[in-house]
Protein chains: 2
Amino acid sequence: MLISLTEENYLKAIYSLSHLEADADVSTNQISDHLSIKAATVTDMLKRLAEKKLIHYIPYQGVKLSEKGKSTAIKVVRKHRLWEVFLVDKLQFKWDEVHEIAEQLEHINSDELIQRLDKFLGKPKFDPHGDPIPDANGQLNIVKAIPLNQHKTKGSFTFVGVAEHSKTFLQHLTSIGLKIGDAVKIEEINEFDNSFKVKINKTNSQFFSNKVASNILVEEKK
Amino acid sequence: MLISLTEENYLKAIYSLSHLEADADVSTNQISDHLSIKAATVTDMLKRLAEKKLIHYIPYQGVKLSEKGKSTAIKVVRKHRLWEVFLVDKLQFKWDEVHEIAEQLEHINSDELIQRLDKFLGKPKFDPHGDPIPDANGQLNIVKAIPLNQHKTKGSFTFVGVAEHSKTFLQHLTSIGLKIGDAVKIEEINEFDNSFKVKINKTNSQFFSNKVASNILVEEKK
DNA sequence: ACAGGTTTTTAGGTCAGCCTAAAAATTTGT
DNA sequence: ACAAATTTTTAGGCTGACCTAAAAACCTGT
Ligand SMILES: [Mn+2]
Ligand SMILES: [Mn+2]
Ligand SMILES: [Mn+2]
Ligand SMILES: [Mn+2]
């Protein structure tokens with residue numbers, strides 16, 4: 001059975017929305033907002049995806065991926081993230097430049113291609129934004145990273161990913177000089193505005209607004 | 001102005017068909033055959049392409065690319081051939097495996113991507129089948145190669161390309177052991193069936209049927 | 001010059017994927 | 001509990017890209 005580019009995008013949207021709240025159904029409006037497509041159109045598509053057994057759809061109640069839909073969505077995510085690694089590692093793109101191109105490349109259809117690309121890149125486990133890359137069987141590491149601003153005490157962490165993927169935010173981090181893998185130490189938490197004073201890689205100290213800190217995912221340093 | 005994937009394929013078809021006979025208009029039926037799309041549908045599309053000023057179309061008389069149409073077609077060809085080089089050189093695909101994947105990749109839209117891919121590959125001048133790769137300005141080397149079977153006397157040549165790109169023909173050449181760049185020496189031309197006895201790389205001799213020889217493009221050895 | 005064959009266009013239809021407007025179902029607040 | 005607000009679906013339309021069948025234009029041979 002062939003799945004169109006458009007259908008792949010719906011499945012991917014449902015997949016990522018389904019992780020916002022654990023195990024909750026995804027609503028028509030959520031998909032509509034996420035894809036910037038009118039709700040009436042989404043209803044249309046949900047009927048077609050249900051027809052193809054890619055989702056479980058109950059009118060007025062929302063939608064869940066079927067096993068087939070889930071594995072299709074994960075394959076698209078795998079392709080997206082592998083291509084992002086290619087663009088950054090091999091073609092020297094910056095991490096804020098690759099998403100739009102990967103949105104196109106993720107729909108290229110060839111198992112052989114992906115298998116070889118994966119090998120060429122050294123079977124990477126994470127993409128340039130710290131997001132885990134599903135393996136060929138669709139398994140992916142669950143990242144247990146926590147937004148920096150959820151830490152309420154001083155401590156040392158590693159910057160492992162971003163919660164927000166917008167170009168402007170990524171560029172902001174670049175201008176701050178913060179890269180994936182950097183050491184991040186909370187030196188002060190400001191009561192007044194919940195901003196953070198943070199030392200990066202044991203050298204320079206910076207102030208992060210709470211909003212910035214909320215989009216910086218860190219792990220306990222080991 | 002945005003050009004759809006389908007439109008790109010029509011422009012590419014017109015581009016390659018327009019080289020069969022120098023400067024002749026391309027007919028509706030030629031396009032129809034080439035793309036395996038019914039003539040009535042082709043007429044439809046020609047009207048739309050003419051509307052967009054991508055072709056010059058005179059009903060009942062055929063079609064020529066406009067400057068804009070031509071440069072669009074050449075860009076697609078450039079992308080196709082660069083991706084084929086990537087697949088063979090970097091991902092170790094065989095030359096008979098890459099065409100279908102490149103048919104998809106050629107529609108990825110990003111000037112920056114192509115510029116970087118070109119650089120990454122070392123600005124190659126030819127694709128894995130010996131076809132010239134247009135440069136960023138759309139200039140391409142005219143290959144003055146001649147089918148082997150058009151030579152009527154013994155002589156030494158270099159194998160520079162194929163006239164036929166089918167998987168089976170490419171695999172046949174691989175099994176013969178003939179690769180782009182190989183030295184090819186005509187040792188005998190058989191009067192009876194116009195087959196050729198050919199020495200490859202000064203080592204092993206082979207018989208080529210006239211049909212095979214007609215699809216092997218060679219240049220005078222220098 | 002014109003009949004017969006070929007090529008091309010026109011006419012009318014389908015399907016996917018989008019839309020707006022209106023109706024129906026559900027949820028929320030008092 | 002029920003009116004108001006919100007969400008979702010239905011109804012009807014449009015466009016791009018395909019199709020078949022039929023008409024029109026063009027070409028060819030005598
Ligand atoms: Mn991305
Ligand atoms: Mn990413
Ligand atoms: Mn090709
Ligand atoms: Mn090629």
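Values below: every heavy atom of this structure, side chains too, minus hydrogens, waters and symmetry copies. In what follows, chains carry the letters A, B, and so on, assigned in the order in which the sequence lines appear, proteins first and then strands, with residues in each chain numbered from 1.
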Counting only heavy atoms and a strict 4.0 angstrom limit, can you tell me which residues of residues 7-36 of chain A come near DNA chain C? A:Tyr10

Both A:Tyr60 and A:Thr41 contact DNA chain C. Which one's nearest nucleotide lies toward the 5' end?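 Looking at the nearest nucleotide for each, A:Thr41 comes out on the 5' side.
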
In whole Å, what is the span from the [atom1] atom of [X] to the [atom2] atom of [N]?
| X | N | atom1 | atom2 | value |
| --- | --- | --- | --- | --- |
| A:Lys52 | C:dA16 | NZ | C1' | 10 Å |
| B:Tyr57 | C:dT9 | OH | C1' | 7 Å |
| A:His107 | C:dG17 | NE2 | P | 12 Å |
| B:Gln61 | D:dC26 | CD | P | 9 Å |
| B:Asp44 | C:dT9 | CG | P | 10 Å |
| A:Leu54 | C:dA16 | CG | C1' | 15 Å |
| A:Lys38 | C:dA16 | NZ | C1' | 18 Å |

Taking 4.0 angstrom as the limit, do [X] and [Y] come out as a salt bridge?
| X | Y | answer |
| --- | --- | --- |
| A:Glu7 | A:Lys52 | yes |
| B:Lys12 | B:Glu103 | yes |
| B:Asp118 | B:Arg78 | yes |

Return no unless some side-chain N or O of [X] is found under 4.0 Å from OP1 or OP2 of [N].
| X | N | result |
| --- | --- | --- |
| B:Thr43 | C:dT10 | no |
| B:Lys47 | C:dT10 | yes |
| B:Arg48 | D:dA17 | yes |

Ring-face cation contact, B:Phe86 with A:Lys90, 6.0 Å cut, 45° max: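 Relative to the ring axis of B:Phe86, which defines the angle, A:Lys90 lies outside at least one limit.
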
Under the 6.0 Å and 45° cation-pi test, does A:Arg116 pair with B:Phe93?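 Geometry flag: set, cation within 6.0 Å and 45°.
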
The side chain of B:Met45 is closest to which nucleotide in this list: C:dG17, C:dT10, D:dA17? D:dA17

Counting the atoms with a prime plus P, OP1 and OP2 as sugar-phosphate, which does B:Thr6 contact under 4.0 Å by heavy atoms, base, sugar-phosphate, or nothing? sugar-phosphate

Does any N or O in the side chain of A:Ser195 come within less than 3.5 Å of the main-chain N or O of A:Ser209, such that one atom is a donor and the other an acceptor? no

Are any side-chain N or O atoms of B:Asp127 and backbone N or O atoms of B:His129, one a donor and one an acceptor, separated by less than 3.5 Å?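 It does hold such a pair.
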
